[in-house]
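For reference, the structure discussed in these notes is given below.
When a residue number appears, it is its place in the shown sequence, counting from 1.
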Amino acid sequence: MRAETGTPHRPVNEGAQDDRTGFSVPAPRMPIPPSDPNPFASRAHAAVHSWLARFAICQSPASQRNLRRARITDTTALAYPDAGPDDLVRLAQWLYWTFIMDDDFDDGPDGRDPARCAGALASLVRVLDGEAGVSPATRAFADVWRRMLADRSPAWCKEFRKDTEEWFWTYYEDAVDRAADRYPPLDAYRYRRARGVGAHMFLTLAELGAGLDLPEELRHLPALQDLKRAAAEYTGLNNDLWSVAKDRSAGVFHNAVVLLERHEGHSPRDAADRVADMLAECAGSMLTAVRELPAQLDAARVTGPARTDVLNCAVAYQKFVRGCFDYYHRADRYTRPEPPASVSSPLTPVHSLFGPGSEASARAARDRRRLPVSGDAGTRSPR
């Protein structure tokens, strides 16, 4: 059953459970009406798994189980309901990559050790700069990165690159916090969380999903910027509500519920309700921005197809937020505890993107192959 516009959306089944209290996820305000999922989801799902197999990543039973529980194609189909079949494939592949990478930083040592984290992120930034990738993981990333930029304007590519790199470096910021046992203040955390969940990046992708590519100046309309910021914060805080049990089990404290307990002494139940109140504020800010947008278009003398594109972009942002909201009620990752037999050590990466056979070891092997052979004229043997 779906919620009426402007009313709370309570799951039919019990939501995510806090390990200590057993409470269900509170129902925050959700004023955006639902959309039907993208009809090309099954095609995208098949293409994603063919792509993962082609690059030989995420093929272990544990990795496959995690991906099944996450139901990432559902996220894509709900968040980008109007994307064409080819665009939905590349959007789904991008979302799979982000979930896979997030799992490894959350559950493995790369998210705890700042030096390891910086090294892993550097390998990904090199791909953003045009490197083809060395390890299976970075080659897969290079492939999907190239296809995300295909047929997009320079202005869009610049925005997407900025959003993506900002998302990457939040993992390093979190790793330093963990190493220092620093619990960030809530106001600073709310800003970081919107970036850390990749929401700005995913909202930029909403243009692609809606078949839009705005001129750069129109992306800077204040109301559209306000809408994007509020939508990104809503997405991050709502994720915190649903992932608090998983975060606790992995020893992750970058979660608004956990920080409210720590800084303000709230019970888990009261902290979750406070986060729901924050989400209601974000929802109000989104509605205000949508109301203000037409007047700003008038003031900027934006008419014709450009005006229509901006208004459609605002709709695409809202559909993204609603799609993510609905997704959490569907995925075993958030609604059912991990089976005890499959729980990993807190420092065991599920997908092993950056472990043995990763970028660092592949780069070292490549460099060894480039060393001169002993006895070659004009060379010295390596020692």
Side-chain angles (χ1 to χ4, degrees), residues 1-17 23-38 41 69-83 91-92 95 98-99 102 190 193-206 209-210 226-247 255-257 272-290 313-336:
M1 184 169 118
R2 285 176 165 167
E4 299 288 344
T5 304
T7 64
H9 177 97
R10 292 193 179 275
V12 175
N13 297 316
E14 191 174 52
Q17 297 293 308
F23 66 73
S24 61
V25 172
R29 184 186 182 195
M30 171 41 67
I32 302 164
S35 299
D36 291 331
N38 193 296
R69 284 173 53 79
R71 297 184 65 170
I72 303 164
T73 309
D74 279 2
T75 321
T76 318
L78 289 163
Y80 304 113
D82 302 316
L91 287 164
L95 263 71
T98 61
F99 268 78
D102 190 68
R190 288 176 67 167
R193 184 55 177 155
R195 293 184 298 127
V197 78
H200 290 281
M201 172 182 71
F202 293 128
L203 286 159
T204 298
L205 287 173
D226 289 348
L227 174 58
K228 189 174 185 179
R229 279 192 291 270
E233 188 166 326
Y234 191 105
T235 303
L237 291 173
N238 193 46
N239 179 272
D240 277 358
L241 280 180
W242 285 92
S243 62
V244 64
K246 179 181 182 296
D247 288 346
N255 183 295
V257 176
D273 286 340
R274 276 284 307 279
V275 174
D277 291 341
M278 294 175 193
L279 286 164
E281 294 170 9
C282 294
S285 297
M286 285 190 284
L287 294 178
T288 298
V290 170
C313 183
V315 171
Y317 286 174
Q318 295 172 79
K319 287 184 176 183
F320 169 81
V321 173
R322 179 60 198 241
C324 291
F325 182 88
D326 289 339
Y327 157 73
Y328 290 109
H329 302 296
R330 296 178 174 222
D332 290 353
R333 178 186 178 98
Y334 300 103
T335 60
R336 291 182 174 83

query = Taking all non-hydrogen atoms of both residues, which atom of Thr73 and which atom of Ala41 are closest, and how far apart?
reply = CG2-O, 3.3 Å

ask   = Can you name the nearest heavy-atom pair linking Tyr234 to Pro28, along with the distance?
value = OH-CG, 3.9 Å

query = Closest heavy-atom contact between Val197 and Gly236?
reply = CG1-CA, 3.7 Å

request  = List the steps and the verdict of side chain to side chain contact (heavy atoms under 4.5 Å, CB included) for Tyr328 and Asn239.
outcome  = CA-CA 8 Å; Tyr328 290 109; Asn239 179 272; 2.9 Å; yes

task = Could you grab the distance from atom CG of Leu91 to atom OG1 of Thr75, nearest 0.5 Å is fine?
result = 12.0 Å

key: Rounded distance (nearest 0.5 Å) linking atom OH of Tyr317 with atom CD1 of Ile32   = 13.0 Å

query = Once you round to the nearest 0.5 Å, how far does OG of Ser285 lie from CG of Asp226?
reply = 8.0 Å

Distance, nearest 0.5 Å, that separates CG of Leu237 from CH2 of Trp242 = 15.0 Å

Side-chain (Asn38) to main-chain (Ala77) donor-acceptor, under 3.5 angstrom = no

key: Side-chain heavy atoms of Phe202 within contact of Thr98, under 4.5 Å   = yes

ask   = Does the Arg29 side chain pair with the main chain of Leu279, one donor and one acceptor, at a distance under 3.5 Å?
value = no

ask   = With Phe320, which residues qualify under ring pair (Phe, Tyr, Trp, His ring centres under 6.0 Å), at least two apart?
value = Tyr80

task = Kindly compute the distance separating OG1 (Thr76) from CG (Leu95), expressed to the nearest 0.5 Å.
result = 4.0 Å

inquiry  = Can you list everything that forms a salt bridge (charged side-chain N to carboxylate O under 4.0 Å, His left out) with Asp102? Sequence neighbours excluded, please.
reply    = none

task = Identify the two heavy atoms, one from Asn255 and one from Asp240, that lie closest to each other, and give their separation to 0.1 Å.
result = ND2-O, 3.0 Å

query = Taking only residues two or more places apart in sequence, or in another chain, which ones meet Thr204 in a side chain to side chain contact (heavy atoms under 4.5 Å, CB included)?
reply = Trp156, Glu159, Phe160, Asp163, Lys228

inquiry  = Whether Arg322 and Asp326 form a salt bridge (side-chain N of Lys/Arg under 4.0 Å from carboxylate O of Asp/Glu) is what I want to check.
reply    = yes

inquiry  = Minimum heavy-atom separation for Ala231 and Val321, please, with both atom names.
reply    = CB-CG2, 3.4 Å

ask   = Short question: side chain of Arg69, backbone of Asp332 - any donor-acceptor pair under 3.5 Å?
value = yes

key: Interatomic distance, Thr288 atom OG1 to Leu227 atom CG [nearest 0.5 angstrom]   = 10.5 Å

query = In chain order, what residues pass the salt bridge (charged side-chain N to carboxylate O under 4.0 Å, His left out) check against Arg333, with sequence neighbours excluded?
reply = Asp103

ask   = Can you find a pair of side-chain heavy atoms, one from Arg330 and one from Pro37, that are under 4.5 Å apart?
value = yes

note = In short, salt bridge (Lys or Arg N to Asp or Glu O under 4.0 Å) pairs touching residues 275-288 with sequence neighbours left out are Arg190-Glu281

ask   = Where is the tightest heavy-atom contact between Leu241 and Ala272, given as atom of each residue plus distance?
value = CD2-O, 3.6 Å

message = What verdict does the side chain to side chain contact (heavy atoms under 4.5 Å, CB included) test give for Glu233 and Arg193, after you've listed the backbone C-alpha separation in whole Å, the side-chain angles of each residue and the deciding distance to 0.1 Å?
response = CA-CA 7 Å; Glu233 188 166 326; Arg193 184 55 177 155; over 6 Å; no

ask   = For Asp82, what residues pass the side chain to side chain contact (heavy atoms under 4.5 Å, CB included) criterion, not counting sequence neighbours?
value = Lys319

